[in-house]
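Letters A, B, ... are given to chains in the order of the sequence lines, protein chains preceding strands, and every chain is numbered from 1. Everything quoted here is computed from the prediction, not taken from an experiment.
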Number of protein chains: 2
Amino acid sequence: MPRRTAPDDGQPRLATIRDVARHAGVSVATVSRILSGTYPSAPSTRAKVMRAVRELDYVANAHARGLAGVRPKSVAIVVNSVISPHYAHVAQGVQEEAAREGRLCIVGTTGGDPERELATIGLMRQEQAEAVILVGNIVADDAHRERMASIARALARAGSQLVLCGRPPLGPDVPAIVVEYDNTAGAHAITSHLLSVGHRRILFLGRRTGYTTPDSRIAGYRAALTTHRVPHDPGLEVDGTMERGEGHRMMRERLDRGPRDFTAIFAANDLIAAGARDALRERGLRIPDDISMVGFDDLPPAADIDLTTVQVPHEDLGRTAVRLALNSETPGTAQHVLLGTHIVTRTSVHHRPGP
Amino acid sequence: MPRRTAPDDGQPRLATIRDVARHAGVSVATVSRILSGTYPSAPSTRAKVMRAVRELDYVANAHARGLAGVRPKSVAIVVNSVISPHYAHVAQGVQEEAAREGRLCIVGTTGGDPERELATIGLMRQEQAEAVILVGNIVADDAHRERMASIARALARAGSQLVLCGRPPLGPDVPAIVVEYDNTAGAHAITSHLLSVGHRRILFLGRRTGYTTPDSRIAGYRAALTTHRVPHDPGLEVDGTMERGEGHRMMRERLDRGPRDFTAIFAANDLIAAGARDALRERGLRIPDDISMVGFDDLPPAADIDLTTVQVPHEDLGRTAVRLALNSETPGTAQHVLLGTHIVTRTSVHHRPGP
DNA sequence: CATCTACATGGAAGCGTTTCCGCTTGAGGG
DNA sequence: CCCTCAAGCGGAAACGCTTCCATGTAGATG
C-alpha cells in the first residue's frame with residue numbers, strides 16, 4: 001500500500017486544495033475561505049478560485065476536513081433490515097430529514113443480532129456521526145443493555161447524540177433520546193373500536209412478552225376490556241412472533257383446537273393479520289362476514305387485504321429522531337417523546353348485533 | 001467553533017492514540033502497529049496497549065485514518081427511496097454484501113430527481129467511498145447523461161468504482177459496471193406462458209418508452225408474440241407509469257372504452273397489476289375466472305393478490321454490484337452483467353380453450 | 001499629508017493517524 | 001568472543017484541510 005507520492009501509479013493523484021491554490025495564484029487559506037463561503041473576499045479572487053475548482057474538478061476531501069475540526073455532517077442509522085416495511089419507512093423519514101439538513105446518512109443493518117448491532121455501532125462511532133439512531137427492538141439481556149448504556153455515555157462524551165426509535169429507554173440516567181409512538185393508546189383505541197360495535201370475545205394474536213412493542217399493545221388491549229367492563233379471558237391471548245407465517249400458524253392451531261369462541265381478532269401487527277387471514281380462508285371463513293379482524297401498523301399488506309388497522313407515523317418517527325438529535329444543544333440530555341396514532345377504517349370489521 | 005485545545009469546554013476530549021501510547025508507556029507508532037495487527041510485536045507490549053485501549057475507551061478516528069492514506073472501507077448507494085420495495089431489496093443486498101466484506105454503507109436518496117442525484121453523488125465523492133452504486137431509473141436527458149459520464153470518469157480517477165444497477169449503460173467508453181437482470185427474457189417467458197395456455201389477445205399495461213426497464217419488458221412481450229406467430233396489435237398496448245394508481249386508471253379507462261377485446265393482461269410490474277385488479281373488481285370482473293393476469297417483479301403485493309409473475313433477483317442485484325465493485329482490480333474497467341429471472345406460478349392465470 | 005481603520009490575503013500550526021527509517025537489543029553462528 | 005541479523009520499538013514526516021495570527025493595502029479621517 002504505497003503512501004508517499006507514488007510516481008507513476010496509474011492512479012493520477014486527485015486535485016487537492018493546494019493544487020487549486022497554485023492554479024488560481026492564491027494561497028491555500030484563501031481557497032478554503034472562499035469555498036466555505038463564510039468570509040469576505042474580493043469578487044475577482046472568488047472568480048479565479050471558482051474557475052480553478054472547475055478546471056481541476058476539485059472535490060474537498062471529507063476526511064481531511066473532518067480531521068481539521070469540522071464536525072462531519074452525518075447521521076447514522078442502525079436497523080434490523082431495510083426490507084421490512086416498518087424499518088424502511090422509518091429509515092425513509094430519517095433520510096428525508098437528514099437530507100433537508102444537509103446531512104449524509106450512514107446505514108447499518110443488524111439482522112436482529114445484538115452482537116452485530118454492537119459492532120455496527122462501533123463503526124459508526126469511528127465515523128464521528130452527529131447522531132446515532134437505533135431503530136427497532138432487539139431481544140436483549142441485561143448484559144447487552146448495560147453495554148448499550150455504556151456506549152450511550154461514550155457517545156455523549158464524544159458529542160454524538162444517541163436516539164432510540166421505538167425501543168425502550170435504557171434507564172433514567174442514560175443520555176439518550178427516546179422516540180416512540182403510543183402503542184398502548186393505539187391498541188386501546190382499536191380494541192375499543194371492536195367493542196363499540198358489539199364484539200365481546202376478541203382473540204389477541206401476537207407476542208405476549210419479551211419485546212416491548214407488543215407488550216404495550218397487549219396492555220392496551222387489556223386496558224380497553226377493562227374500560228368497557230368486558231371480562232378478560234387469558235385463554236383468548238395467543239402467543240407467537242410478529243411474522244406472517246406465525247400469524248398463519250397461530251390461527252390454524254386455534255381453529256383446530258375446538259369450537260370458535262370469539263367473534264373478532266386483534267392481530268398485534270398487520271403481518272400477523274395477513275397470515276391469520278390466509279388460515280381463515282383455508283377453513284372457508286370470510287372476513288368480515290364470519291369474523292372481524294383488525295391489525296396494527298398500516299403497512300403494505302393492510303391496504304391490500306382491506307384491513308382496518310392502527311395507522312402509525314413511521315416516517316414521522318424517523319424525522320423526529322433526526323430533528324431532536326440535531327437540535328439537542330447538549331448531546332447527552334435524555335428526552336422521551338411519544339407520537340400519536342390513529343385508526344384507519346377499511347372493511348374488515350362487521351357490526352355484531354348484541355346478544 | 002473552538003478547535004485548539006479547548007481547556008474546559010464541557011466536552012471532555014476524546015482519547016487519541018497518543019493518550020493510549022502515554023498510558024501504556026509505549027510510542028504512538030507501536031500502538032498503531034499493534035492495533036492494525038499486521039506487524040510483529042511482543043505479547044507483553046500488546047497486552048499493555050490493549051489494556052490502555054480498554055481503560056481509555058479508545059476508538060480510532062476514521063477521518064484521521066482516512067487521511068493518513070488508508071482507503072476508507074465503505075460503499076455508497078444512491079436510490080430513489082428506501083420505501084419502494086424494489087429499491088429496498090436491492091439496498092438490502094448491498095448492505096449484506098458490504099457487511100460481509102467489512103464495509104460501511106452510506107445511503108443517499110434522490111426522490112427520482114436528477115439534480116438531487118448529482119448532488120448526492122457529489123457528497124459521496126467527498127467521502128471517497130470505494131464504490132458508488134446507483135440503483136434504478138431516472139428519466140434523464142442527454143445533458144444529464146453527459147454529466148453522469150464525466151462523473152464516472154472522475155470517480156475512476158479517484159479510484160472509486162461506479163456501478164449502475166438496473167440502469168442502462170452510459171456509453172461504451174464510460175468506466176462503469178452495469179448490473180441488470182434480463183427484463184426482455186423475463187417478459188418473453190411470461191408472455192409465452194400466457195400464450196401457451198391458449199391466450200391470443202393479451203393486453204399490455206405499462207410504460208412504452210422513456211425508461212429502459214419497461215422498454216425491454218415490452219420488447220420481450222412483442223418478441224414472444226412473434227415467436228408464437230400471434231399477430232401484434234398496437235391497440236393492445238396501453239401506456240402509463242409504473243405505479244399502482246396508474247394501473248387502476250389504465251384499466252378503468254380501457255374497460256370504459258368499449259367491448260373487452262382481450263382475455264389476459266400482462267402488467268409491466270406488480271404494482272400496475274394490483275391497480276388493474278382493483279379496477280376489474282369494481283366492474284365485477286374476477287381473476288382468473290373472467291380474465292387472466294400476470295405481473296413482473298414478485299414484490300409484496302404479488303403474493304397477496306395471488307399473482308403469477310416474474311421473480312427477479314433483487315437482492316442478488318445488490319450483492320453482485322458490491323462484489324463486482326470490490327473485486328474489480330482496476331476501477332474504471334467497464335463491465336456488463338445480466339442476471340436471470342424465473343416465473344413464479346400462482347392462481348391468476350386460467351387455461352383458455354382454443355377457438 | 002500623516003494616521004487610523006477595515007478589509008483581503010498569506011503563512012503556518014495543528015487535527016489523529018499510518019508508515020518509513022533508523023536505532024537498540026538479544027540471540028545465534030563463526 | 002566478536003560480528004551479523006532480525007525482532008521490536010521510537011521518532012518523525014506526511015496526508016488535506018481549517019483557522020489563528022500577522023501582514024499588506026486601500027480608503028477614510030484628522
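Residues Arg46(A) and Ser41(A) bring a donor and an acceptor atom of their side chains to less than 3.5 Å of each other. Neither side chain, Gln128(A) nor His63(B), offers a donor N or O lying under 3.5 Å from an acceptor on the other. For Ser84(A) and Ser81(A), the side-chain atoms include no donor-acceptor pair closer than 3.5 Å.
The nearest whole Å value for the distance from the CD atom in Gln126(B) to the P atom in dC17(D) is 10 Å. Across the protein-nucleic acid pair, Arg65(B) atom CZ and dG16(D) atom C1' stand 18 Å apart, rounded to whole Å. In this structure, Leu67(A) atom CG and dC15(D) atom C1' are separated by 9 Å, rounded to whole Å. As a whole-Å value, the separation of Tyr39(B) OH from dA6(D) P is 18 Å. Look at CD on Gln128(A): it is 15 Å from C1' on dC17(D), rounded to the nearest Å. Taking atom CZ of Arg125(B) as the reference point, atom C1' of dG16(D) lies 16 Å away to the nearest angstrom. Between Asp19(B) atom CG and dG16(C) atom P the separation is 8 Å, expressed in whole Å.
Using a 4.0 Å cutoff on non-hydrogen atoms, the parts of residues 21-35 of chain B near DNA chain C are Val28(B), Ala29(B), Ser32(B), Arg33(B), ordered by number. Across residues 43-64 of chain A, Thr45(A) each have a non-hydrogen atom less than 4.0 Å from an atom of DNA chain C (numbered order).
The pair Asp57(B)-Arg125(A) counts as a salt bridge, with a side-chain nitrogen and a carboxylate oxygen less than 4.0 angstrom apart. With salt bridges taken as basic N to acidic carboxylate O contacts below 4.0 Å, none links Glu127(B) and Lys73(B). In summary, Arg147(A) and Glu115(A) engage in a salt bridge, as defined by a charged side-chain N under 4.0 Å from a carboxylate O. The residues Arg100(A) and Glu96(A) are annotated as not salt-bridged, no charged nitrogen and carboxylate oxygen being separated by less than 4.0 angstrom.
With distances taken from any side-chain atom of Ala42(A) to the nucleotides dA8(C), dT18(C), dC9(D), the minimum falls on dA8(C).
If you take OG on Ser32(A) and CZ on Arg65(A), they are separated by 8.0 Å, rounding to the nearest 0.5 Å.
Each of Ile133(A), Thr109(A), Thr120(A), Val135(A) was scored for a side-chain contact (heavy atoms from CB on, under 4.5 Å) with Val78(A), with one residue passing: Thr120(A).
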